[in-house]
Structures are given as C-alpha cells and as structure tokens.
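In the text below, chain A, chain B and the rest are named by the order of the sequence lines, each starting its count at 1.
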Protein chains: 2
Amino acid sequence: MVSNTGNPSAAFLVIGDEVLSGRTQDMNVAFIAKSLSEKGVDLMEVRIVPDVVPTIASALNDLRNKFDLVFTSGGIGPTHDDITADAVAEAFSTKLVVNSEAKALIEARAKAQSLELNEARLRMARIPVGAKLINNSVSGAPGFNIGNVYVMAGVPKIFRAMVSEVIPGLPSGKPQLSRTITINRPEGEIAHELGRIAKKWPSVSIGSYPFFKNNASGTTYGSNVVVRGQDEESVIKAEKQIKEFFLN
Amino acid sequence: MVSNTGNPSAAFLVIGDEVLSGRTQDMNVAFIAKSLSEKGVDLMEVRIVPDVVPTIASALNDLRNKFDLVFTSGGIGPTHDDITADAVAEAFSTKLVVNSEAKALIEARAKAQSLELNEARLRMARIPVGAKLINNSVSGAPGFNIGNVYVMAGVPKIFRAMVSEVIPGLPSGKPQLSRTITINRPEGEIAHELGRIAKKWPSVSIGSYPFFKNNASGTTYGSNVVVRGQDEESVIKAEKQIKEFFLN
C-alpha cells in the first residue's frame with residue numbers, strides 16, 4: 001500500500017499477551033509513531049497479537065505484503081514464551097539458526113557483566129537465515145532485519161534504542177507538518193465552519209479532538225484542531241484561516 | 001476464531017489518525033482489555049487504523065468474521081473527520097439514517113445544556129439501519145451495536161462509560177486467574193527452570209517480563225513472571241512451584 005502522501009508506508013506489529021490482557025500499558029506505539037512521522041514514513045496500521053507462532057506469522061505476512069516497512073516489538077528474550085524469531089522464520093519460510101555474530105555479542109555481554117553464558121541466553125542468538133542484526137545498546141542481545149521487517153524488543157528502553165539504530169537506514173519521505181489550534185468551544189459549535197475550511201484544503205488533513213476541563217465553575221468543553229500536511233504553505237494558510245475564524 | 005479457553009473471543013478496532021501520528025497516547029486498549037478479561041472474554045487482536053472509510057470497513061469485516069465480538073473506538077463525534085458510522089454502514093452494506101431515538105437523546109442533551117441543536121450535532125444521530133443504541137452517560141450522543149460490533153467514542157471518559165454500559169449484556173466466559181511473581185534475577189538465569197515448569201502445566205500460560213531498576217549500586221535486573229489460566233488449582237500450583245524454586 002502506497003500512502004497518498006507518496007511517503008513510504010509502515011505497519012507496527014506488537015507481540016504481547018501482556019498488552020492484550022491489560023496488564024501492561026503499551027508505550028511503544030506512540031514512540032515509533034513519532035519517530036516515523038519525523039522521518040517522513042507514514043504509519044498506517046498497528047496490530048497487537050498474542051504470543052502464538054501461527055498468529056504472529058500470519059499477521060506478519062499480511063502486513064509485509066501490504067506495507068513498505070513493518071516493525072515488530074516483543075518476544076525476543078531468553079524465556080520459553082519468547083517465540084517471535086520462530087514466527088518470523090515461519091513467515092519467511094526460512095530456518096532459524098544460531099547466528100555467529102549474535103552469539104559473539106551475547107558472549108561479550110555475558111563476559112563484561114560476569115553473567116553465565118547458558119542455553120537460555122544463547123537462545124537469543126537464534127536468528128532467521130538471511131537476516132541482518134539490529135544493535136542493542138542497552139542489553140546486548142540483538143534484534144534483526146529480514147526483508148522489509150524489523151524485529152525489536154518489547155521492553156520500552158530497549159525498543160527505543162533499537163528504533164534509534166534503525167531509523168537512519170530507512171527510506172525516508174517528506175515529513176508532515178502538524179499544527180494544533182486549541183479552541184475553547186465544543187466540537188458541535190465549530191463543526192460546520194471547520195468542515196467548510198477542511199473542504200477548501202484537500203491536501204491538508206484537519207482533525208478535531210474534543211477535550212473537557214473541570215474547574216470551579218463546572219466543566220468547560222473545547223476542541224483541539226490538528227492541521228497536518230506535507231505542503232507547508234497550505235498547512236500554514238489553513239491554520240491561519242481556522243485561527244481567524246475561531247479565535248478572533 | 002474460538003479462543004482455546006472456550007471463552008468468547010474479541011477484537012478491538014481503534015479508529016484514530018491521532019494515535020497513528022503519535023500525537024495521542026492510547027489509553028483505551030488497557031481499559032477494555034481489563035474489562036473483557038474480568039468478564040471472561042478473550043481479547044485476541046487489536047488494530048489501529050486511520051480515519052479512512054474503506055480502510056475501516058475492510059478491517060471491520062475482517063475482524064467481525066474472525067472473532068465473536070468486535071469493539072471500536074473513535075470517530076463518532078460531530079465534525080467532518082468523524083466517519084466511523086459511515087464506515088460501519090458500508091461494512092454491513094446497510095444505510096446510514098437519522099435514528100429518531102438518537103435524535104431525541106441529542107435534542108434532550110442540547111436543551112438541558114442550553115446548546116444549539118445544529119446540523120453538526122444532529123450528524124451524531126446518523127446510525128446504521130438495524131443498530132441498537134449504546135447509552136452515553138457523559139455527553140449524550142450515543143454509540144451503537146450492530147451484529148457483533150459495538151461502536152463507541154474515542155474520548156477515554158466517554159469510552160469507559162460506554163464499555164460499562166455494554167459489558168453486562170455481553171456473552172461471558174470463565175475469567176482467567178492471573179498471578180504475578182516478582183523475581184529479582186534476570187530472565188537469562190531463570191529461563192531454563194521456568195521453561196521446565198511451563199511444560200508441566202500445559203493448561204496454564206506462563207509469561208516472563210523483564211524489568212530494570214536503577215539504584216545507588218547500579219542497575220538490578222529482574223523478571224515478573226505472570227501465571228494465567230482458567231483452572232484455579234493449576235494456576236495456584238504452578239505459582240507455588242515457581243515461588244518455591246526461585247524465592248526460597
């Protein structure tokens with residue numbers, strides 16, 4: 001799927017029983033969304049799936065065929081429930097083998113930290129054939145890139161470090177400029193005119209997000225209007241028109 | 001798709017450019033995940049898609065065919081970018097019409113709050129033919145239920161109120177009991193034995209989630225082990241075995 005901005009398109013696949021059970025509040029979506037947005041890559045879908053090999057493989061195949069780039073988080077640690085590498089190998093019909101480079105990284109880390117180099121830690125060196133490693137500056141065990149898929153850790157600190165490693169090498173597009181206008185009136189009162197302005201700027205996306213504020217005199221209702229687009233001039237003109245109409 | 005627990009299965013579809021752009025941190029996934037978990041409904045997939053009618057309709061058709069229940073959030077307000085009802089009508093090949101009951105609710109709310117009853121507010125009375133309304137105790141404009149799909153607002157306060165309205169009427173299953181054991185050792189050191197215990201309890205899911213703590217003496221690494229299952233006896237026995245092995 002090509003984004004209508006001409007930018008590379010992307011999907012993010014979160015692998016995590018802990019997110020689907022509500023135990024863990026996901027923090028990775030917002031981070032990668034912002035990072036891709038700054039790079040001019042359009043994040044067009046996020047999926048969260050459980051820790052089940054065929055489910056992950058099927059979602060991955062669906063997304064990697066639909067979008068230019070796919071990122072995953074979660075399931076690449078040393079425990080029995082870390083099965084993302086198995087699922088990626090299955091999706092790509094390739095083998096999962098001990099990668100000597102990954103093994104060397106894990107060995108070096110174990111040595112530096114005086115950790116035992118056991119079977120569980122070496123499990124993290126199992127990488128699908130044909131993949132390139134993604135450096136893990138936090139805890140050693142690498143992520144990997146195969147085809148258009150980037151496989152990263154779920155722990156937010158490690159995920160962020162890996163995203164930062166990956167971003168410079170991605171194809172880039174033209175970032176969207178985004179401006180937010182806060183209007184202290186409820187959406188129902190600004191909707192008509194806002195819709196009229198939106199029609200005038202087809203190259204710009206205008207979103208409206210209501211908010212409530214509770215204060216001494218009761219609840220006040222307002223709207224955050226977000227103007228986004230690649231053409232700076234249009235974004236600024238649309239913003240100006242909205243401000244002139246609603247804030248004067 | 002039937003969950004292997006025998007519980008009803010569910011998917012959650014988040015409709016939101018603002019989440020995909022990283023502007024808004026989603027808070028609804030964790031809320032509905034917990035609510036469904038308590039009800040004995042297994043949340044098996046979450047998707048986040050942009051505010052695009054055919055994209056929403058296609059995701060909705062995919063999910064409603066795959067799972068017993070589908071919940072959506074976002075895009076049912078009064079502004080031009082609120083197009084979820086249009087997408088749901090398209091997915092169900094039905095018409096979007098002004099629903100007299102929804103209109104009455106919006107009229108009553110406008111009257112009570114001395115708000116103008118304009119075209120934008122009445123836009124929220126457009127409901128697909130065949131749908132039943134979901135009460136909105138926060139701001140009046142209703143959500144709706146059609147087939148196995150429940151369409152709700154994206155603003156967390158309204159979303160939560162609507163989820164609470166919907167939950168009692170859902171088919172229910174046997175909730176999973178969940179126990180968390182915090183082990184102050186890194187995953188790489190507990191993985192072998194944890195995997196052995198997990199194999200002994202096939203009816204129980206055992207997940208391991210690493211954590212880091214920074215303190216005066218440096219970083220300590222630990223693991224939160226989560227034991228989940230429907231059979232209370234097995235969960236408690238597996239928990240006991242993990243505690244005995246790692247905490248004594």
What part of A:R196 lies closer than 4.5 angstrom to a heavy atom of chain B: side chain, backbone, both or neither? neither
Tell me, side chain or backbone of B:E119 under 4.5 Å from chain A's heavy atoms, or both, or neither? side chain
So what's closer than 4.5 Å to chain B heavy atoms on A:Q113: side chain, backbone, both or neither? side chain
For a 4.5 angstrom cut-off between non-hydrogen side-chain atoms, does B:R23 reach A:V226? yes
Residue part contacting chain A, namely of B:I32, when any heavy atom lies under 4.5 Å: neither
Can you name the nearest heavy-atom pair linking A:A30 to B:Q25, along with the distance? CB-OE1, 3.6 Å
Is the shortest heavy-atom distance from the side chain of A:D26 to the side chain of B:D26 under 4.5 Å? no
Interface check, chain A: of B:R121, B:M124, B:H192, most non-hydrogen pairs under 4.5 Å belong to B:R121
If you count heavy-atom pairs within less than 4.5 Å of chain A, which of B:T24, B:V29, B:L43 leads? B:L43
Within a 6.0 Å radius of atom NZ on B:K103, are there more than 12 heavy atoms belonging to other residues, nucleotides or ligands? no
Nearest heavy-atom neighbours spanning B:P78 and A:A191: O-CB, 3.4 Å
Chain A heavy atoms under 4.5 Å from B:T180: which part of the residue, side chain, backbone, both or neither? side chain
Under the side-chain contact (heavy atoms from CB on, under 4.5 Å) test, residues paired with B:P210 that sit two or more places apart: A:V155, B:E187
Quick one: what part of A:M27 sits under 4.5 Å from any heavy atom of chain B, side chain, backbone, both or neither? both
B:R228 portion near chain A, given a 4.5 angstrom heavy-atom threshold: side chain
Side chain / backbone / both / neither for B:I206 at chain A, heavy atoms under 4.5 Å: both
Sort out for me which of B:D51, B:L194, B:N224 touches chain A most, counting heavy-atom pairs under 4.5 Å. B:L194
Just by distance, do the side chain of B:N118 and the backbone of A:G188 share a donor-acceptor pair under 3.5 Å? yes
Between B:G195, B:S37, B:S208, which residue shows the highest count of heavy-atom pairs closer than 4.5 Å to chain A? B:S208
Against chain A, work out which of B:G154, B:S21, B:S205 has the most heavy-atom pairs shorter than 4.5 Å and name it. B:S21
Using a cut-off of under 4.5 Å on heavy-atom pairs, state which of A:E116, A:E189, A:R123, A:K199 scores highest against chain B. A:E189
Steps toward side chain to side chain contact (heavy atoms under 4.5 Å, CB included) verdict (A:Y209, B:D17): CA-CA 11 Å; A:Y209 307 101; B:D17 280 356; 4.1 Å; yes
Under a 4.5 Å heavy-atom cut-off, does chain B meet the side chain of A:F212, its backbone, both or neither? side chain
For A:K157, is it the side chain, the backbone, both or neither that has a heavy atom under 4.5 Å from a heavy atom of chain B? side chain
Once rounded to the nearest 0.5 Å, what's the spacing between atom NE2 of A:H80 and atom CD of B:E193? 12.0 Å
Which value, rounded to the nearest 0.5 Å, describes the distance between A:I190 atom CD1 and B:T79 atom OG1? 7.5 Å
Which atoms of A:L36 come close to chain B, meaning under 4.5 Å heavy atom to heavy atom: side chain ones, backbone ones, both, or neither? neither
Which region of A:Y221, side chain (C-beta onward) or backbone (N, CA, C, O), has a non-hydrogen atom less than 4.5 Å from a non-hydrogen atom of chain B, or is it both or neither? side chain
Counting only heavy atoms closer than 4.5 Å, note whether B:V14 contacts chain A via side chain, backbone, both or neither. neither
